[in-house]
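Inspection log for the structure reproduced underneath, given as structure tokens.
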Amino acid sequence: MLKILIVDDDALTRKGIRMLMPWARHHMEITGESANGREALAFLQDNKVDLVLVDLDMPVMDGMTFIRTASELYPELNYVVLTIHTEFEYIQNALRSGAIDYIAKTQFDKENFDQILDRIQANIIRKNSALATPSGMKWKESRILYPSIYALVTVELETDEHIFEFWEQNGLSDRKDIYELMGGVWVFTQQKESFVFPDSFPGTMLLRILDVSDMTFAQLGKLLRRFMNDSFFYEYHPGKTVHVKHAYELCEEETIQNAETIERLKQEWLSLNWVYENELFDKITFDLKNSRLKTSTLYHLLLALESVWNSAYSELTGETLSLPPVFHNWQEVEDWLVQVYRRTDFFQSRAKYSSSIVRSILNVKSYVDSRYDEPMDTTEAARNAQMSYGYFSRCFHDIVGVSFIDYCTQVRMEHAKQLLENTDKSIQEIAFSVGYNDEKYFSRTFKKLTGLIPSDYRKGCK
């Protein structure tokens, strides 16, 4: 009997899986249930389990974190992901983390149950067969006998035809010592240092990893899994070449976690000051790449940039900025940012103000960005910029894209949204925090810009 643990925070889902699927007919047995990854780890300490059915979206410890943690503690354990998501990229990311299969919860109807369990059994047999050498020894436990090894790594793609082309063009198709270390990662030894690459080689890198002698394949697998999760996104570029790395470089922690640094990066982009400054655009692009933000954090920053740019410039340009649904690597992010920057040539090519005027307006804009909770008055802002009221108003609108008062309101409302989403402050406290002494006036202004009163906006974020 194959012993199975179900890990899902929904009790009804656990009950449905236990009761409806024909486990005994497939020589399987449910031995336990857990509501999150932490409970599952505790269960595994005292119980033998062969297969874990694990939901990805759970409180306390999510499914991805559980799989990564349990894989180190129980290397022979098998995982099948339970998910409501059906997007290809999302599923491939789960499989790359160590799962052998996935079950979309929308498949839960009786005519599919036998097919699902047959597929899981076949994947377990395939995995066990791949792990065993002719002598019966698990090859992942064996030690690497060479000072360096090659690893072919690829992101989730709808086809892997280019991988087979690579093996064939380099005379590697019949090699028996090419091992798929995990989903999308193959390792092999080779004396030569140059390779032929297919014309199309998307989302794929060939690494030569040094200093691996006496390391086990399992240890190398952990390093490569970390590299794929943390570094591949930023280090991939479309050039067809061999990338040389020392083994220790695969596990270097480079991701920025500091909230202040993340906020600084965000404000640098959302200020839009880079619209008029080539050097500033190059600098903050370089800083953003080197920050190695988690891809989810990076995507949220770019979503905010999309929103701010559209608010400021879409009406003037007649164009709307649109963020792609997914970025597979940093090169795609940089290409998108450059495209956005080129759109701002609309303003530079039509610039009718001197650099000193532009700098004065951007200084006022930066002041609003940082002192949004203070009283804002167009007359006072014009005086500080040493301009007349009318000239300042015209310059600010032409350069920033909206009037001075509208920009102040936009900045305040963006900060109000963050407070509504991330704090339990009252509406009155939030109004005061963003520069409004009248809660009712703040609420009317908020609704005018967002279509919702603050309390309804907060409810929608829960």
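Heavy atoms only, all atoms of each residue included: Y234 and L293 are closest at OH-O, 2.6 Å. Between H415 and V434 the shortest heavy-atom distance is CB-CG1, 4.0 Å. Minimum interatomic distance between V54 and G63 (heavy atoms only, all atoms of both residues): CG2-CA, 3.8 Å. Residues L449 and M413 come closest through the heavy atom pair CD2-CG, 3.7 Å. For L51 against L77, the heavy-atom pair with the smallest separation is N-CD1, 4.1 Å. The two residues A247 and L223 come nearest to each other via the heavy atoms O-CD1, 3.7 Å.
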Checking side-chain contact (heavy atoms from CB on, under 4.5 Å) for the pair L152/I178: CA distance, chi angles, key distance, verdict?
CA-CA 10 Å; L152 191 67; I178 296 176; over 6 Å; no
For a side-chain contact (heavy atoms from CB on, under 4.5 Å) check, start with the C-alpha distance between N329 and E332, then their side-chain angles and the critical distance, and finish with the verdict.
CA-CA 6 Å; N329 53 71; E332 293 181 2; 3.5 Å; yes
For L337 and L288, run side-chain contact (heavy atoms from CB on, under 4.5 Å): C-alpha distance rounded to whole Å, both residues' side-chain angles, the deciding distance at 0.1 Å, then the answer.
CA-CA 11 Å; L337 289 173; L288 186 61; 4.2 Å; yes
What verdict does the salt bridge (charged side-chain N to carboxylate O under 4.0 Å, His left out) test give for R264 and E260, after you've listed the backbone C-alpha separation in whole Å, the side-chain angles of each residue and the deciding distance to 0.1 Å?
CA-CA 6 Å; R264 175 183 60 79; E260 293 182 3; over 6 Å; no
Worked check of side-chain contact (heavy atoms from CB on, under 4.5 Å) between Y457 and K447
CA-CA 9 Å; Y457 180 86; K447 183 177 181 180; over 6 Å; no
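Counted within 6.0 Å of NZ on K15, heavy atoms from surrounding residues, nucleotides or ligands total 12 or fewer; the atom is thus considered open. Atom CD of E263 sits in a crowded spot, with more than 12 heavy atoms from other residues, nucleotides or ligands closer than 6.0 Å. Other residues, nucleotides and ligands place more than 12 heavy atoms under 6.0 Å from the CG atom of N422. For F432, the CZ atom counts as loosely surrounded, since its 6.0 Å shell holds 12 or fewer non-hydrogen atoms of other residues, nucleotides or ligands. With a 6.0 Å radius and a threshold of 12 heavy atoms from other residues, nucleotides or ligands, E168 has its CD atom at or below the threshold.
I209 has its side chain out of reach of V187: every pair of non-hydrogen atoms, C-beta onward, lies at least 4.5 Å apart. You'll find the side chain of L5 stays beyond 4.5 Å of the side chain of N47, heavy atoms only. Counting only heavy atoms from C-beta outward, the side chains of T69 and L41 approach each other to under 4.5 Å. For the pair E33/R18, a side-chain contact is recorded, criterion being any heavy-atom separation below 4.5 Å from C-beta on. Contact of the D55 side chain with the F66 side chain is not registered, since no non-hydrogen atoms from C-beta on lie closer than 4.5 Å. At least one side-chain heavy atom of V49 sits less than 4.5 Å from a side-chain heavy atom of F43. Residues K245 and E235 form a side-chain contact, since some pair of their non-hydrogen atoms from C-beta on lies under 4.5 Å apart. E72 is not listed as a side-chain neighbour of R68, based on a closest heavy-atom distance of 4.5 Å or more.
Side-chain atoms of W336 come within 3.5 Å of backbone N or O of S322 as a donor-acceptor pair. When atom types are taken as modelled, the side chain of T189 and the backbone of I149 share no donor-acceptor pair closer than 3.5 angstrom. A donor-acceptor contact shorter than 3.5 Å is absent between the side chain of D373 and the backbone of S433. The closest donor-acceptor contact from the side chain of E306 to the backbone of L323 lies under 3.5 Å. Distance alone, capped at 3.5 Å, is enough to place a donor-acceptor pair between the R412 side chain and the Y372 backbone. Checking side-chain atoms of W23 against main-chain N and O of L2 turns up no donor-acceptor pair under 3.5 Å. A donor-acceptor pair under 3.5 Å is absent between the side-chain atoms of N170 and the main chain of L172, judged by distance alone. For R458 (side chain) and T423 (main-chain N/O), a donor-acceptor pair under 3.5 Å exists by modelled atom type. A donor-acceptor contact shorter than 3.5 Å links the side chain of W274 to the backbone of W269. Distance alone, capped at 3.5 Å, is enough to place a donor-acceptor pair between the T31 side chain and the I4 backbone.
Taken from CH2 in W167 to CH2 in W186, the straight-line distance is 7.0 Å, to the nearest 0.5 Å. Considering CD1 of I284 and OG of S291, their distance stands at 11.5 Å, rounded to 0.5 Å. Interatomic distance, CD1 of I30 versus CE of M19, reported as 11.0 Å (0.5 Å rounding). The structure places CD1 of I116 at 9.0 Å from CG of D101, a figure rounded to the nearest 0.5 Å. Rounding to the nearest 0.5 angstrom, the gap separating the CD atom in E161 from the CD1 atom in I163 is 11.0 Å. For the atom pair CG (L207) and CZ (F227), the distance works out to 5.0 Å, reported to the nearest 0.5 Å.
Checked against salt bridge (charged side-chain N to carboxylate O under 4.0 Å, His left out), K266 has no partners two or more places apart in sequence or in another chain. Scored by the ring-ring contact (aromatic ring centres under 6.0 Å, His included) test, H300 finds no partners at all (sequence neighbours excluded).
Side-chain contact, Q339 with D335: no donor N or O sits under 3.5 Å from an acceptor N or O. With 3.5 Å as the limit, one finds no donor-acceptor pair spanning the side chains of E414 and Q418.
F197 and F166 have tilted rings, their planes meeting at an angle from 30° to 60° on a 0 to 90° scale.
Note on E334 versus K289: no salt bridge recorded, every NZ/NE/NH1/NH2 to OD/OE distance being 4.0 Å or above.
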